[in-house]
Colleague: 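Dumping the structure here so I can ask a few things about it.
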Amino acid sequence: MKISLVLSGGAARGAFHLGVIEALLQKGIEIEAISGSSIGAIIASSLSANISPKEQLEIFKSKAFRKSFKFNSLKKGFLKIDQKKSVLKELIPIKNIEDGRIKVHITTIDLKRGEIVRFNQGEAITLCIASSAVVPLFKPISYQNYQLADGGIMDNLPVYPVKKYNFPIVAVDLHPQEDGFKNSLWGIIKRTIFLMWRASVQEQIKECDYYIINEKLKNYSLFSFKKLDELFQLGYETALEHKLLQFN
């Protein structure tokens, strides 16, 4: 079976993506195209460059990967990613997106124009970092005539780029719907922002043939790398139990 794969953003929860992909590959599913935002874009590009899910997991767990993040001045964002670090080339060992073996689509937003910008060619590492540049934690990335930031801000489940392919669309989402909120001013503001952001995802889900998520993802921090093995296993088991793989 051949599919198009859609990978949401979700920072450290991306290890769940890797577990899902591992299960898909073990069951003989062929991934022909991938669309991703943020960590989804990084994993997509790495897989296209023949880095297996387990190899990616080990890179994400490494001290070298964590050292690629550097503190930045407050005016430019709290953190920046050192693109010169060799570990990034280990993770994404291709120069351009189009050099990989799988069709990859990376979603970003251009802060200048206030619009979604999608790439299926161009500098792989730079565009992956741009798609993951969560403002204000990271500064936007200057690329061509754009000021690029995290694609997940406007399209965290980017189904649109793979609709043109004649394959079933499988989407993996790292953000389960959370119920309830703290009845305080800040709690109400946070809840309102989440629901506005989530609205686009709900529409994208309707465009998918298969949708993979696990409510247990709520229990994992977006910014802690301490439980990547658990997240990988959760993704692996979730995929094996999904109806997509029950007949493969």
Side-chain angles (χ1 to χ4, degrees), residues 1 3-31 34-48 51-63 65-66 69 91-92 102 104 107 128 131-132 134 150-152 155-159 162 168-180 194 197-198 201-202 204-205 208-248:
M1 181 180 182
I3 66 165
S4 293
L5 185 63
V6 180
L7 302 177
S8 83
R13 289 181 187 172
F16 181 89
H17 283 330
L18 296 175
V20 170
I21 295 169
E22 179 71 15
L24 296 179
L25 296 177
Q26 284 187 7
K27 289 293 183 176
I29 301 293
E30 297 180 37
I31 301 170
I34 314 178
S35 175
S37 281
S38 197
I39 189 64
I42 293 173
I43 289 172
S45 299
S46 187
L47 187 69
S48 180
I51 307 302
S52 73
K54 289 185 176 179
E55 288 172 328
Q56 290 187 49
L57 180 66
E58 292 305 312
I59 293 173
F60 287 131
K61 287 163 55 180
S62 70
K63 290 182 179 179
F65 182 76
R66 290 195 294 274
F69 296 87
L91 183 63
I92 308 173
I102 300 171
V104 169
T107 294
C128 283
S131 185
S132 306
V134 182
D150 186 356
D155 191 4
N156 200 46
L157 198 68
V159 173
V162 296
I169 297 174
V170 179
V172 187
D173 190 357
L174 302 178
H175 295 276
Q177 176 73 43
E178 296 191 19
D179 298 325
F194 175 81
W197 169 77
R198 187 69 186 172
V201 174
Q202 297 295 343
Q204 299 286 36
I205 292 171
C208 303
D209 297 285
Y210 300 96
Y211 176 65
I212 299 176
I213 196 168
N214 192 305
E215 292 297 312
K216 292 180 181 178
L217 282 164
K218 296 176 186 176
N219 302 325
Y220 294 89
S221 168
L222 294 171
F223 301 109
S224 173
F225 288 80
K226 294 180 179 179
K227 297 184 177 180
L228 298 187
D229 286 320
E230 285 185 25
L231 281 160
F232 183 95
Q233 189 63 26
L234 181 64
Y236 181 79
E237 293 173 358
T238 300
L240 289 180
E241 294 169 0
H242 196 275
K243 62 182 180 180
L244 169 64
L245 295 185
Q246 295 304 305
F247 303 102
N248 284 276

Colleague: Report yes if some heavy atom in the side chain of Leu24 is under 4.5 Å from a heavy atom in the side chain of Leu5; otherwise report no.
Modeller: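 Touching, per the 4.5 Å side-chain cut-off.
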Colleague: Write down the atom of Thr238, the atom of Ile212, and the distance for their closest heavy-atom approach.
Modeller: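 Scanning both residues completely, I find the closest heavy atoms to be CG2-CG2, 3.9 Å.
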Colleague: To the nearest 0.5 angstrom, please state how far the CG atom of Asn214 sits from the CD atom of Glu237.
Modeller: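 It is 9.0 Å, given to the nearest 0.5 Å.
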Colleague: Kindly indicate whether the side chain of Ile39, heavy atoms from C-beta on, has any atom under 4.5 Å from the side chain of Arg13.
Modeller: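 A side-chain contact is absent here, since even the closest heavy-atom pair is not under 4.5 Å.
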Colleague: Is there a donor-acceptor pair closer than 3.5 Å between any side-chain N or O of His17 and the backbone N or O of Pro53?
Modeller: no
Colleague: Taking all heavy atoms of Ala15 and all of Leu228, pick out the closest pair and write down the distance.
Modeller: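 Here Ala15 and Leu228 meet closest at CB-O, 3.4 Å.
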Colleague: Between Ser38 and Gly40, is there a donor-acceptor pair closer than 3.5 Å when you use the side chain of the first and the backbone of the second?
Modeller: no
Colleague: Quick check: closest heavy atoms across Ser131 and Gly36, and the distance to 0.1 Å?
Modeller: OG-O, 4.3 Å
Colleague: With distance as the sole test, does Glu215 use its side chain to make a donor-acceptor pair with the main-chain N or O of Pro176 at under 3.5 Å?
Modeller: no
Colleague: Within the distance-only criterion (no hydrogens, no angle test), does the side chain of Ser46 pair as donor or acceptor with the backbone N or O of Ile43 below 3.5 angstrom?
Modeller: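 Absent.
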Colleague: Quick check: does any side chain N or O of Ser48 sit under 3.5 Å from a backbone N or O of Ala44, one acting as donor and the other as acceptor?
Modeller: no
Colleague: Restricting to non-hydrogen atoms, name the atom on Ser221 and the atom on Ala12 that form the minimum distance, rounded to 0.1 Å.
Modeller: O-CB, 4.1 Å
Colleague: Measuring from Ile205:CD1 to Ile213:CD1, what's the distance to the nearest 0.5 Å?
Modeller: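 So the gap between those two atoms works out to 6.5 Å.
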Colleague: From Lys54 NZ over to Ile21 CD1, what is the distance, rounded to the nearest 0.5 angstrom?
Modeller: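 Between Lys54 NZ and Ile21 CD1, I get 13.5 Å after rounding to 0.5 Å.
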Colleague: Flag the pair Val20 / Val170 as yes when at least one side-chain heavy-atom distance between them is below 4.5 Å, and no otherwise.
Modeller: no
Colleague: Under a plain distance cut-off of 3.5 Å, with no hydrogens placed, do Asp155 and Thr107 share a side-chain donor-acceptor pair?
Modeller: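 Side-chain D/A pair, Thr107 to Asp155: absent.
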Colleague: Run the side-chain hydrogen bond (donor to acceptor under 3.5 Å, both in side chains) test against Glu241 and tell me which residues pass, sequence neighbours left out.
Modeller: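 Partners of Glu241 under the side-chain hydrogen bond (donor to acceptor under 3.5 Å, both in side chains) test: none.
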Colleague: Taking the side chain as every heavy atom from C-beta outward, state whether Cys128 and Ile92 have any pair of such atoms under 4.5 Å apart.
Modeller: yes
Colleague: So, Ser35 side chain and Pro158 main chain: donor-acceptor pair closer than 3.5 Å or not?
Modeller: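 Yes; at least one donor-acceptor contact below 3.5 Å.
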Colleague: Counting heavy atoms not belonging to Lys218, are there more than 12 under 6.0 Å from its NZ?
Modeller: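 More than 12 heavy atoms, drawn from other residues, nucleotides or ligands, come within 6.0 Å of this atom.
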Colleague: Checking His242 side chain against Tyr211 main chain: does a donor-acceptor pair fall under 3.5 Å?
Modeller: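 Between the backbone of Tyr211 and the side chain of His242 there is a qualifying donor-acceptor contact (under 3.5 Å).
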Colleague: Measuring from Ile59:CD1 to Ile42:CD1, what's the distance to the nearest 0.5 Å?
Modeller: 11.5 Å
Colleague: Short question: side chain of His175, backbone of Gly9 - any donor-acceptor pair under 3.5 Å?
Modeller: yes
Colleague: Any idea which heavy atoms bring Ala11 and Leu222 closest together, and the distance?
Modeller: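 Smallest interatomic distance, heavy atoms only, reads CB-O, 2.8 Å.
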Colleague: Given side chains that start at C-beta, do those of Phe65 and Phe225 come closer than 4.5 Å, heavy atoms only?
Modeller: yes
Colleague: State, with a plain yes or no, whether a side-chain heavy atom of Leu244 is found less than 4.5 Å away from one of Asp209.
Modeller: no
Colleague: Give, for atom CG of Leu57 and atom CG of Leu18, the distance between the pair rounded to the nearest 0.5 Å.
Modeller: 6.0 Å
Colleague: Walk me through it: do Leu231 and Leu217 pass the test side-chain contact (heavy atoms from CB on, under 4.5 Å)?
Modeller: CA-CA 8 Å; Leu231 281 160; Leu217 282 164; 3.7 Å; yes
Colleague: Could you list the residues that satisfy side-chain contact (heavy atoms from CB on, under 4.5 Å) with Ala23, not counting sequence neighbours?
Modeller: Tyr236, Ala239, Leu240, Leu245
Colleague: Run the side-chain contact (heavy atoms from CB on, under 4.5 Å) check on Leu25 and Ile31 step by step: do they pass?
Modeller: CA-CA 8 Å; Leu25 296 177; Ile31 301 170; 4.2 Å; yes
Colleague: Specify the closest pair of heavy atoms between Leu174 and Ser8, including all atoms of both residues, with the distance to one decimal.
Modeller: N-OG, 3.0 Å
Colleague: Residues two or more places apart in sequence or in another chain: which of them pass salt bridge (Lys or Arg N to Asp or Glu O under 4.0 Å) with Lys61?
Modeller: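 Salt bridge (Lys or Arg N to Asp or Glu O under 4.0 Å) list for Lys61, sorted by chain: Glu58, Asp229.
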Colleague: Hey, are the side chains of Ile3 and Tyr210 touching, using non-hydrogen atoms and a 4.5 Å cut-off?
Modeller: no
Colleague: Return the CD to CD distance between Glu22 and Gln233, rounded to the nearest 0.5 Å.
Modeller: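 Spacing of CD (Glu22) from CD (Gln233) equals 10.0 Å.
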